[in-house]
Asker: 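The structure under discussion is supplied below as structure tokens; questions concerning it will follow.
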There are 2 protein chains.
Amino acid sequence: MNSNNVTIYDVAREAGVSMATVSRVVNGNPNVKPTTRKKVQDAIDRLGYRPNAVARGLASKKTTTVGVIVPDISNIFFADLARGIEDVATMYKYNIILGNSDSNRDKEIHLFNTLLGKQVDGIIFMGGRLHEDLVNEFKKSPVPIVLAATLNQGYDLPAVNIDYEQAAYDATEMLIGHGHKQVGFITGPLEQQINGEKKFSGYRRALDDAGLPFRENDVVLGNYTYASGLEAMQKMLERDDCPKAIFAGTDEMALGVIHAIQDAGFSVPNDFEVVGHDNTRLATMIRPKLTTVVQPMYDIGAVAMRLLTKILNAEEVEEKNVVLPHRIERRDSVRQD
Amino acid sequence: MNSNNVTIYDVAREAGVSMATVSRVVNGNPNVKPTTRKKVQDAIDRLGYRPNAVARGLASKKTTTVGVIVPDISNIFFADLARGIEDVATMYKYNIILGNSDSNRDKEIHLFNTLLGKQVDGIIFMGGRLHEDLVNEFKKSPVPIVLAATLNQGYDLPAVNIDYEQAAYDATEMLIGHGHKQVGFITGPLEQQINGEKKFSGYRRALDDAGLPFRENDVVLGNYTYASGLEAMQKMLERDDCPKAIFAGTDEMALGVIHAIQDAGFSVPNDFEVVGHDNTRLATMIRPKLTTVVQPMYDIGAVAMRLLTKILNAEEVEEKNVVLPHRIERRDSVRQD
DNA sequence: TTTCCAATTGGAAACGTTTTATATAGCGTG
DNA sequence: CACGCTATATAAAACGTTTCCAATTGGAAA
């Protein structure tokens, strides 16, 4: 039986009640006599009725769908986040419309408007940088927006993050604690606030606190990829004053760094120590296993979605700017204390 | 100006035309005088009108949304596939609703019905195995379904895959060609047809064609993960008659295999040769770099979505069962010829 | 019985489009 | 100048729900 095109009217006729009653049964409204409810339920089963969510969305102005804007779902980092989002969404009976922005402003804006057109109930946004034009669109948004792993640069959007500055500080400090007078920092584009402001300033602060000089040379920019980490480290190795301790902005870059070091005939952690960032699955897929800053991606996604559901249900939200804890997972790419 | 809640009526009034005319302008219908079109367009811009896709979906019975069912988006393999799907979807003005099934039958069925309830125009399904119950649901589907990287076991659903049997044959044959009389095969669950039937039979056929005996011991089952590859190889290494050539069912397992070998003090490719499967980004993130069967995940996703759009537009489809080419990418985990 | 209130149920409007059938305007033609 | 078209524009009916309000029903109380 094609459960398609059987409407609430058909069920009403079959059950001998009005459509309003069927609607009540379907929505679990308590104002229905048990016997009636059963009669309707039977008719629903018999006909294979499946409520039309589009019609429902039009009438109720709720679609139980949220939009998710992500730079690139094929990036393990965002894939994990997305999984966290989706799991919690499912838990609360929402579905997600997923779109890739490539961190491109125009795509972000276009996607955002498409999602609004589809009448999503809310949006979760991830992106390296909050472009002003985008924020202007956000300000007009008829639905709530939550940022995930994205800093809200001065705008007061709800957001879920870790303390990137402190995390970078911790990683750098650990390296310094191992006796290094010089620490290399290989990170992503500085335009992105997380790298340019947070991680960078954490790195500098650790240097300062230890009374070590900051050397411009010791900071190299990559683009998050393995190849860029490899290349950055190769370049660094050519120098006479190459730092023997490296803090890499992502695990993937850290892998590249380790391989560059090994390719040059050196050992990690004996000759060089390396710390990564994010604790993706990659961290244990290399020898030596990578010591890395744990950024709980899945949790960030899950908490962001939970936060959104709270806002949608007008539940009490104590703190709109959630900062999740981070820590350093010690493995074999640094020496034991 | 809150572009919210301005309807087609408002635009019509503002432009001094009827709503039907506005609808035509919005939908690019040619039966509108240029001057009228301009007038309407101006009104749209002035009011910041954004068509309500839900209302549109109800009236037109098309939502320009497709459902995507994936076992786990946080798995790099499916994330790549999803990216291929989404890119092509965007190209054709579709959005995707993404759901994770964990390859669980009940979740698959539930998700499928939810998607139908949301009136998606079509569905792309990925999953290790097509459970009978699911297929029964598929058969009643009012919208087209396309399988991606999923074998349609006897049912005639459109599908996009590579020739897994031949790919496994090629990989095994190459190893045999390097003089091995014994080849280990570490793969995923045999219930999943791709492993149990296709890859396994390709492996056996290569053995047979080379006149080599099949040894049950040489086949070890894992669950696709790094850890399972590592463990499987460790177990194999304990044997006296451990094969010196390994074909792993996924790259991630291959990395585990290589590390198990290296941890035991052996060298790849000198002592052991290893071939992976999929050519995920992981393949180049290990030393030695992994030789692997190239399964073009992104392309499979892209082609599957393109196929779906063709079906939705009632375009001519020459072949519903697409088999994309595969090849072996030679890197350093096998010896040079 | 009657009366009255609470519990159920029904009717109809509303949601914002698309779409079909119909009307109107403009214009070349005979 | 009337006629018949064609090109445009309008009106109104779907689309399948939710939801507000009114109507009915069933009992308990009087």
Asker: Does anything in residues 31-45 of chain B come within less than 4.0 Å of DNA chain C? Heavy atoms only, and list the residues if so.
Answerer: none
Asker: State the pairing partner of D:dA30; accept Watson-Crick or G-U wobble contacts with both distances under 3.5 Å, and report none otherwise.
Answerer: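 C:dT1 - that is the nucleotide pairing with D:dA30, both distances being under 3.5 Å.
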Asker: Could you check if a side-chain atom of A:Pro144 sits within less than 4.5 angstrom of a side-chain atom of A:Leu308, using non-hydrogen atoms only?
Answerer: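 Of all side-chain heavy-atom pairs linking A:Leu308 with A:Pro144, at least one is under 4.5 Å.
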Asker: Atom CZ of B:Arg24 to atom C1' of D:dA7: distance rounded to whole Å?
Answerer: 11 Å
Asker: On DNA chain D, check which nucleotide each of A:Ser60 and B:Val17 is closest to and give me the residue with the more 5' one.
Answerer: B:Val17
Asker: Can you measure A:Leu58 atom CG to D:dT19 atom C1' for me and round it to whole angstrom units?
Answerer: 13 Å
Asker: Please classify the nucleic acid contact of B:Thr21 as base, sugar-phosphate, or nothing, using heavy-atom distances under 4.0 Å.
Answerer: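 Counting heavy atoms under 4.0 Å across all strands, the contact made by B:Thr21 includes a base.
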Asker: Does D:dT19 have OP1 or OP2 sitting under 4.0 Å from an N or O in the side chain of A:Ser23?
Answerer: no
Asker: Would you sort out whether A:Arg46 and A:Asp42 count as a salt bridge (charged side-chain N to carboxylate O under 4.0 Å, His left out), showing the intermediate values?
Answerer: CA-CA 6 Å; A:Arg46 211 168 322 125; A:Asp42 288 349; 5.0 Å; no
Asker: Is atom CG of A:Asp45 surrounded by more than 12 heavy atoms (other residues, nucleotides or ligands) closer than 6.0 Å?
Answerer: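 Yes, CG of A:Asp45 has more than 12 neighbouring heavy atoms, counting only those of other groups under 6.0 Å.
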Asker: Compare all side-chain heavy atoms of B:Glu14 with those of B:Val11 and state whether any distance is below 4.5 angstrom.
Answerer: no
Asker: Tell me, yes or no, whether the heavy-atom count around A:Asp156 atom CG, taken from other residues, nucleotides or ligands under 6.0 Å, exceeds 12.
Answerer: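 Counting neighbours around CG of A:Asp156, 12 or fewer heavy atoms of other residues, nucleotides or ligands fall under 6.0 Å, so no.
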Asker: Whole-Å distance between D:dA14 P and B:Lys61 NZ?
Answerer: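 So the NZ-P distance, B:Lys61 to D:dA14, works out to 13 Å.
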Asker: On DNA chain C, reading 5' to 3', which nucleotide is the first and which the last to sit with an atom under 4.0 Å from a heavy atom of chain A, could you check?
Answerer: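 Counting from the 5' end, contacts occupy C:dT8 to C:dG16.
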Asker: Would you please test B:Arg306 and B:Glu315 for salt bridge (charged side-chain N to carboxylate O under 4.0 Å, His left out) and show each step?
Answerer: CA-CA 11 Å; B:Arg306 178 64 186 106; B:Glu315 288 177 37; 3.3 Å; yes
Asker: In terms of the nearest nucleotide of DNA chain C, which residue is placed more toward the 5' end: B:Ala55 or B:Ala20?
Answerer: B:Ala55
Asker: How do B:Tyr9 and A:Val22 order along DNA chain D: which one's closest nucleotide is nearer the 5' end?
Answerer: B:Tyr9
Asker: Would you kindly give the CZ-to-C1' distance between A:Arg50 and D:dT17, to the nearest whole Å?
Answerer: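 About 16 Å, once rounded to whole Å.
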Asker: For the ring pair A:Phe125 and A:Phe138, is the centre-to-centre distance below 6.0 Å?
Answerer: yes
Asker: For side-chain hydrogen bond (donor to acceptor under 3.5 Å, both in side chains), just list the numbers for A:Arg50 and B:Asn113, CA-CA rounded to whole Å, side-chain angles, deciding distance to a tenth of an Å, and then say yes or no.
Answerer: CA-CA 8 Å; A:Arg50 177 191 299 125; B:Asn113 280 302; 3.0 Å; yes
Asker: Mind calculating the distance between CG (A:Asn52) and P (D:dA14) to the nearest angstrom?
Answerer: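 Roughly 18 Å, once rounded to whole Å.
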Asker: Could you grab the distance from atom CG of B:Asn313 to atom OH of B:Tyr92, nearest 0.5 Å is fine?
Answerer: 8.0 Å
